[in-house]
Amino acid sequence: EYGYGYSSNQSSVGFMVDNYRKPEFGLDVVVDHDRFIVGDTMKATLSGSLFSGEPLAGKQVSYTVTAGTYYDYGYYSPEYDDDGYRYGYGYGSPVHEGVAVLDANGQATIEVTAKSHDRFLPQVYRIEVSSTDSAENPVFESQNVLVMPADFSIYRTDYSYGTKQNQEASIPLILVPNRDGTTVAGKRLEASVKLRRWIREDRPNEKYPYYRQENRTLDPVSVVTDDEGKAVLKFTPPETGDYEFELRGTDDRGNTTTRS
């Protein structure tokens with residue numbers, strides 16, 4: 001099973017188990033918080049114990065940290081709490097890996113710094129610890145955490161999708177803090193604008209018309225948020241077609257976040 005953002009996909013397959021042997025011990029990983037911002041350092045405690053309850057002292061374990069893109073919901077709702085990042089995400093790109101030796105209490109602590117996504121999107125960091133017992137049975141456990149690209153996120157507050165040529169369109173926006181004490185007032189949001197059109201071409205000796213896709217980049221637009229972190233992006237489409245906006249904002253720490 002795998003999932004992302006507010007949607008998920010599921011599949012299943014059957015198989016037979018000829019023999020099963022319970023591992024000699026269990027592993028666990030606990031991260032100090034569920035959510036982080038790019039630039040934060042997360043601390044993860046790796047631990048192991050025998051099923052009798054004794055700590056797995058002196059055991060060498062391996063750990064891997066991977067990052068997968070997280071597509072959060074683009075429309076703001078104060079009642080909506082998306083925790084889909086907690087599940088799946090075993091397919092992310094490698095961020096960090098290493099080995100650790102558990103101490104007398106059966107624990108080891110690692111630190112990982114949250115890095116920016118190449119397109120400034122949210123990410124799910126998956127921290128997994130693994131080892132094998134004396135019979136070479138694999139043992140592993142993991143925890144997912146959410147990494148946001150900046151101290152605030154950009155959301156729309158309406159569901160309008162269309163307008164007419166030469167008629168001004170209004171797109172209401174809001175900045176939502178991802179941590180306490182975040183400044184959302186007076187933030188400048190830059191929006192790149194791309195136009196996609198399908199141009200009809202009637203070709204001789206052909207029964208059906210041919211449509212050619214045309215893509216153009218238009219002049220960017222911008223807006224500044226008010227004291228509540230709200231703004232209205234206004235745009236008048238000069239032609240018919242599909243317009244795509246990519247909004248970009250920067251927090252007080254210099255982190256960038258985007259929304260398309």
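Computation of the quantities below employed the complete heavy-atom set of this structure, encompassing side-chain atoms and omitting hydrogens, waters and symmetry-equivalent molecules. In what follows, residues are counted from 1 in the order of the sequence shown.
- Taking each heavy atom of Ile127 and Ala44 in turn, the nearest pair found is CD1-CB, 4.1 Å.
- Contact of the Met148 side chain with the Val38 side chain is not registered, since no non-hydrogen atoms from C-beta on lie closer than 4.5 Å.
- The shortest non-hydrogen separation linking Pro237 to Thr163 is CG-CG2, 3.7 Å.
- Through side-chain heavy atoms spaced under 4.5 Å, either directly or across other Ile, Leu, Val, Met, Phe, Trp or Tyr residues, Met16 is tied to no other residue.
- Residues satisfying the salt bridge (charged side-chain N to carboxylate O under 4.0 Å, His left out) test with Asp202, not counting sequence neighbours, are Arg200.
- Between Ile37 and Arg179, some side-chain heavy-atom pair lies under the 4.5 Å cut-off.
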* Asked: Yes or no on side chain to side chain contact (heavy atoms under 4.5 Å, CB included) for His96 and Thr64, after CA distance, side-chain angles and deciding distance?
  -> CA-CA 6 Å; His96 185 60; Thr64 58; over 6 Å; no
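- In this structure, Phe25 and Ser131 have side chains that are in contact, with non-hydrogen atoms separated by less than 4.5 Å.
- Here Ser49 contributes atom OG and Leu102 contributes atom CG; the two are 10.0 Å apart, rounded to the nearest 0.5 Å.
- Cluster note: Val13 groups with no other residue, as no ILVMFWY side-chain heavy atom lies under 4.5 Å from it.
- Residue Val139 comes nearest to Pro23 through the heavy atom pair CG2-CB, 3.6 Å, listed as atom of the first residue, atom of the second, then distance.
- No side-chain heavy atom of Val129 sits under 4.5 Å from any side-chain heavy atom of Gln143.
- Through side-chain heavy atoms spaced under 4.5 Å, either directly or across other Ile, Leu, Val, Met, Phe, Trp or Tyr residues, Tyr76 is tied to Tyr155, Ile174, Val176.
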Under 3.5 Å, which donor-acceptor pairs do the side chains of residues 52-60 form with other protein atoms, sequence neighbours left out?
| residue | atom | partner | partner atom | Å |
| --- | --- | --- | --- | --- |
| Lys59 | NZ | Thr132 | O | 2.9 |

* To do: Might you work through the side chain to side chain contact (heavy atoms under 4.5 Å, CB included) test for Val65 and Tyr125, ending with a clear yes or no?
  => CA-CA 7 Å; Val65 183; Tyr125 270 40; 3.8 Å; yes
Report all side-chain donor-acceptor pairs from residues 111-118 shorter than 3.5 Å, counting only partners two or more places apart or in another chain.
| residue | atom | partner | partner atom | Å |
| --- | --- | --- | --- | --- |
| His117 | ND1 | Arg119 | N | 2.8 |
| His117 | NE2 | Thr69 | OG1 | 2.8 |

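- Looking only at side-chain heavy atoms (C-beta outward), Thr217 and Lys194 come within less than 4.5 Å of each other.
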* To do: Check the pair Thr250 / Asn255 against side chain to side chain contact (heavy atoms under 4.5 Å, CB included), numbers first and verdict last.
  => CA-CA 5 Å; Thr250 304; Asn255 289 329; over 6 Å; no
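- Asp133 is linked by a salt bridge (charged side-chain N to carboxylate O under 4.0 Å, His left out) to Arg21, counting only residues two or more places apart in sequence or in another chain.
- With hydrogens and angles ignored, the 3.5 Å screen pairs no side-chain donor or acceptor of Arg203 with any backbone N or O of Lys207.
- Checking Glu97 against Ser62 by side-chain atom types alone, no donor-acceptor pair falls below 3.5 Å.
- Among all heavy-atom pairs drawn from Val95 and Ala67, the shortest one is CG2-CB, 3.6 Å.
- Using a 4.5 Å heavy-atom cutoff, the side chains of His33 and Val145 are not in contact.
- Side-chain contact between Asn178 and Ser153: present, with at least one pair of heavy atoms (C-beta onward) separated by less than 4.5 Å.
- With hydrogens and angles left out, the side-chain atoms of Ser170 and Lys234 include a donor and acceptor closer than 3.5 Å.
- Residues passing the salt bridge (charged side-chain N to carboxylate O under 4.0 Å, His left out) test with Glu141: none are found, sequence neighbours excluded.
- Among residues at least two apart or in separate chains, salt bridge (charged side-chain N to carboxylate O under 4.0 Å, His left out) pairs with a member in residues 238-256 are Asp40-Arg253, Asp151-Arg253, Lys187-Asp252, Arg196-Asp242, Arg197-Glu239, Arg216-Glu239, Glu246-Arg248.
- Side chains of Arg126 and Thr66: a donor-acceptor N/O pair is absent below 3.5 angstrom, by distance only.
- Alongside Leu218, the hydrophobic cluster contains Phe152, Ile154, Ile171, Leu173, Leu175, Val184, Leu189, Val193, Leu195, Val221, Val223, Leu233, Phe235, Tyr243, Phe245, Leu247 (criterion: ILVMFWY side chains under 4.5 Å).
- Remark: Tyr159 pairs with Tyr75 by the ring-ring contact (aromatic ring centres under 6.0 Å, His included) rule, at least two apart or across chains.
- Taking OH of Tyr70 as the reference point, atom CD of Gln123 lies at 13.0 Å (rounded to 0.5 Å).
- Applying the side chain to side chain donor-acceptor pair (under 3.5 Å) test to residues at least two apart or on different chains, the pairs with a partner in residues 218-231 are Arg188-Ser222.
- Side-chain heavy atoms closer than 4.5 Å link hydrophobic residues (I, L, V, M, F, W, Y) into clusters, and following such links, even through other members, never connects Phe140 to Leu46.
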* Apply side chain to side chain contact (heavy atoms under 4.5 Å, CB included) to the pair Thr257 and Phe120, showing each step before the final yes or no. => CA-CA 5 Å; Thr257 184; Phe120 308 109; 5.6 Å; no
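- Annotation: Tyr208, atom OH; neighbour count of heavy atoms from other residues, nucleotides and ligands within 6.0 Å does not exceed 12.
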